[in-house]
Structure formats: C-alpha cells, structure tokens
Amino acid sequence: MACSAPDRIPVPRLEQPKRGEPVRKPAITGYLLAMSWSPQHCADVRNPRDARDRFQCSGENGRFGWVLHGLWPETDSPGYPQWCRPAKIVPQPVLKKHMCMTPSAQLLQHEWAKHGTCMSPNPAAYFRSAEILFRAVRFPDMEALAAKPQTAASVRRAFAAVNPGVTAPMIAVSADRQGWLDEVRLCLGPRMKPARCKPFQTGAKDGRRIRIRPMSTR
C-alpha cells in the first residue's frame, strides 16, 4: 500500500546452492506463482528494523499485504528445476522496479538465482513475466477473512470467487505449524494459464484450520 522504492537499493549478495542442494534441469511442464501474506512474515521476524526486513516490515515504506514470493518453474514431480545457470547480481534498475512487488533485494536475487535462471537468461524478462502474472491476481477481502474461522478449503474458495477462470483446485494454501496463513500459490500450466494443482503441489488439506493475521493499523 503506497509503496515507494528508494532511489538506491542495497546490493544483494550472490546466491548459490547450499551444500548438498543439486542443480536440476528437468523439462518445465508448469509454474507456481507463490504469494506471501506480508503481515505473517513480519510477525515472525525478530526485528522489523533489521536491514534484511526493514523495507517490508518497518512501516517506513507503506504497509504490505500480499507480496510476490516468486514465480517457480515446475515439472511433473517434486524435483522442480533449480539453479540452472550461474546468476550475476540483479541490476539496480530491475531491483528498484520490483521492490514494491517483492520487498526484499536479497529475495529478488534469490528468486532469480534459484528459479529465474531456469526460465530466462535475462533477469528483467523473468521479473517482467512474474509481475504480469502477479498484477493479474485479485485478492479477497483479507480483513473479512481474518475476522472469522477459516479452513484451507474456505481460503481457496475465497480466492477462486474473485478470480474469473480460477477454481479452488488451482490454488494451494500454505500455513505454519500454528495454522497461520503464510502463502497462497496459484498453479499454472505450461502456457502460464491457471491449471489444476498436481498432487504434490496442493499444500494444506481442505479441512486444515487456518488463522489469518490481520494487517497492522500502525
């Protein structure tokens, strides 16, 4: 809400696979658009004014609701493509353009290195595709959802109801161990159109109770 990216974005560090994390290059057969509920992320961080989370969580740059975690290429098994080619630092103009969509320079770098390099040799092209998809999503009234008990199924239905052409089986819900909603993921087919989630993508079961952190009023 009313986000304004700073003139100078902190330069992120290079991201590489962690020890034991393999490079995988299977054929891409679909995608996931992973969207994070920012109030939950900020409730979980130790210090909202730390450099890592300050832009998103301090309140100095507006209040964030739904933000984009990432656009992920998928395949027909859980072994999705990752770390497909070495990734240079994402250029400053690209970081600045997308900070209000994904409010962390380091997360933008990570998403490019781990997922984007499997889709494009160009970070600007990858993030443009992600932005087009993210901006097309309509979000339900989260204040109203937060005020009542929910389940994974009811959250799926709420998203489907406000997105023409999207049905509940095309939406995955992710919650933490305490049942707090942290992500919603839209399953996409090979042409980046909404598609039924594959069995390993579905996330929380329909009957799982879901709590939703309301947006801060500060």
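In what follows, residues are counted from 1 in the order of the sequence shown.
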Begin with the C-alpha distance, continue with both residues' side-chain angles, and end with the deciding distance and a verdict on side chain to side chain contact (heavy atoms under 4.5 Å, CB included) for Val90 and Leu108. CA-CA 8 Å; Val90 176; Leu108 286 165; 5.6 Å; no
Over all heavy atoms of both residues, which pair between [X] and [Y] is shortest? Give the atoms and the distance, please.
X	Y	result
Ile28	Pro81	CG1-CG, 3.9 Å
Cys197	Thr202	CB-CG2, 4.1 Å
Val94	Ala124	CG2-CB, 4.0 Å
Phe64	Met215	O-CE, 3.4 Å
Cys57	Val45	SG-CG2, 4.4 Å
Ala172	Gly203	CB-N, 4.4 Å

Exercise answer: donor-acceptor pairs, residues 132-145 side-chain atoms, under 3.5 Å, sequence neighbours excluded:
{"residue": "Arg138", "atom": "NH1", "partner": "Arg135", "partner atom": "O", "Å": "3.1"}
{"residue": "Asp141", "atom": "OD1", "partner": "Glu143", "partner atom": "N", "Å": "3.1"}
{"residue": "Asp141", "atom": "OD1", "partner": "Ala144", "partner atom": "N", "Å": "3.0"}

Should [X] and [Y] be regarded as members of a common hydrophobic cluster, given that ILVMFWY residues are connected when their side-chain heavy atoms come within less than 4.5 Å of each other, either directly or indirectly?
X	Y	value
Leu33	Leu107	no
Met119	Phe127	yes
Val173	Trp72	no
Ile210	Met170	yes
Trp180	Val155	no

Rounded distance [0.5 Å steps], [atom1] in [X] versus [atom2] in [Y]:
X	Y	atom1	atom2	answer
Asp44	Arg213	CG	CZ	7.0 Å
Lys25	Thr117	NZ	OG1	8.5 Å
Lys88	Leu14	NZ	CG	10.5 Å
Arg8	Leu95	CZ	CG	9.5 Å
Thr167	Phe159	OG1	CZ	14.5 Å
Asp76	Phe200	CG	CZ	6.5 Å

Using modelled atom types and a 3.5 Å cut-off, is there a donor and acceptor pairing between side-chain atoms of [X] and backbone atoms of [Y]?
X	Y	answer
Arg211	Gly179	no
Gln109	Arg13	no
Thr151	Gly207	no
Gln92	Ile9	yes
Trp66	Met35	no
Ser120	Gly116	no

Less than 3.5 Å apart, which donor and acceptor atoms pair up between the side chains of residues 185-196 and the rest of the protein, not counting sequence neighbours?
{"residue": "Arg185", "atom": "NE", "partner": "Glu183", "partner atom": "OE1", "Å": "2.8"}
{"residue": "Arg185", "atom": "NH2", "partner": "Glu183", "partner atom": "OE1", "Å": "2.9"}

Run the salt-bridge test on Glu60 and Arg54 with the 4.0 Å N-O cut-off and return the result as yes or no.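 Yes, Glu60 and Arg54 are salt-bridged.
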One thing to verify: whether Glu21 and Lys114 come together as a salt bridge, which I'm taking to mean a side-chain N less than 4.0 angstrom from a carboxylate O.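 A salt bridge links Lys114 with Glu21.
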If you apply the rule side chain to side chain contact (heavy atoms under 4.5 Å, CB included), what do you find for Leu68 with Glu111, and how did you get there? CA-CA 10 Å; Leu68 182 67; Glu111 294 302 300; over 6 Å; no
Do [X] and [Y] pair up side chain to side chain, a donor and an acceptor below 3.5 Å, judged on atom types alone?
X	Y	value
Thr29	Lys198	yes
Trp83	Gln16	no
Gln56	Ser104	no

Got a sec: does the CZ of Arg85 have more than 12 other heavy atoms crowding it under 6.0 Å?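 Correct, the count exceeds 12.
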Any chance CZ of Arg208 has more than 12 other-residue heavy atoms, nucleotides or ligands included, within less than 6.0 Å?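 Enclosed: over 12 neighbouring heavy atoms sit under 6.0 Å from CZ of Arg208.
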Derivation and outcome, side chain to side chain contact (heavy atoms under 4.5 Å, CB included), residues Asp53 and His41: CA-CA 9 Å; Asp53 294 297; His41 168 77; 2.9 Å; yes
Is any side-chain heavy atom of Gln82 less than 4.5 Å from a side-chain heavy atom of Pro73?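 Not in contact.
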For residues Met99 and Phe55, determine if any side-chain heavy atom of one lies less than 4.5 Å from a side-chain heavy atom of the other.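 Answer yes - side chains close enough.
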Strictly by disulfide bond (SG atoms under 2.5 Å apart), give each pair with a member in residues 89-128 just once, sequence neighbours left out.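 Of all non-adjacent pairs touching residues 89-128, those that pass disulfide bond (SG atoms under 2.5 Å apart) are Cys3-Cys100, Cys84-Cys118.
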Given side chain to side chain contact (heavy atoms under 4.5 Å, CB included), test His115 with Tyr126 step by step and report yes or no. CA-CA 9 Å; His115 304 286; Tyr126 167 67; 3.9 Å; yes
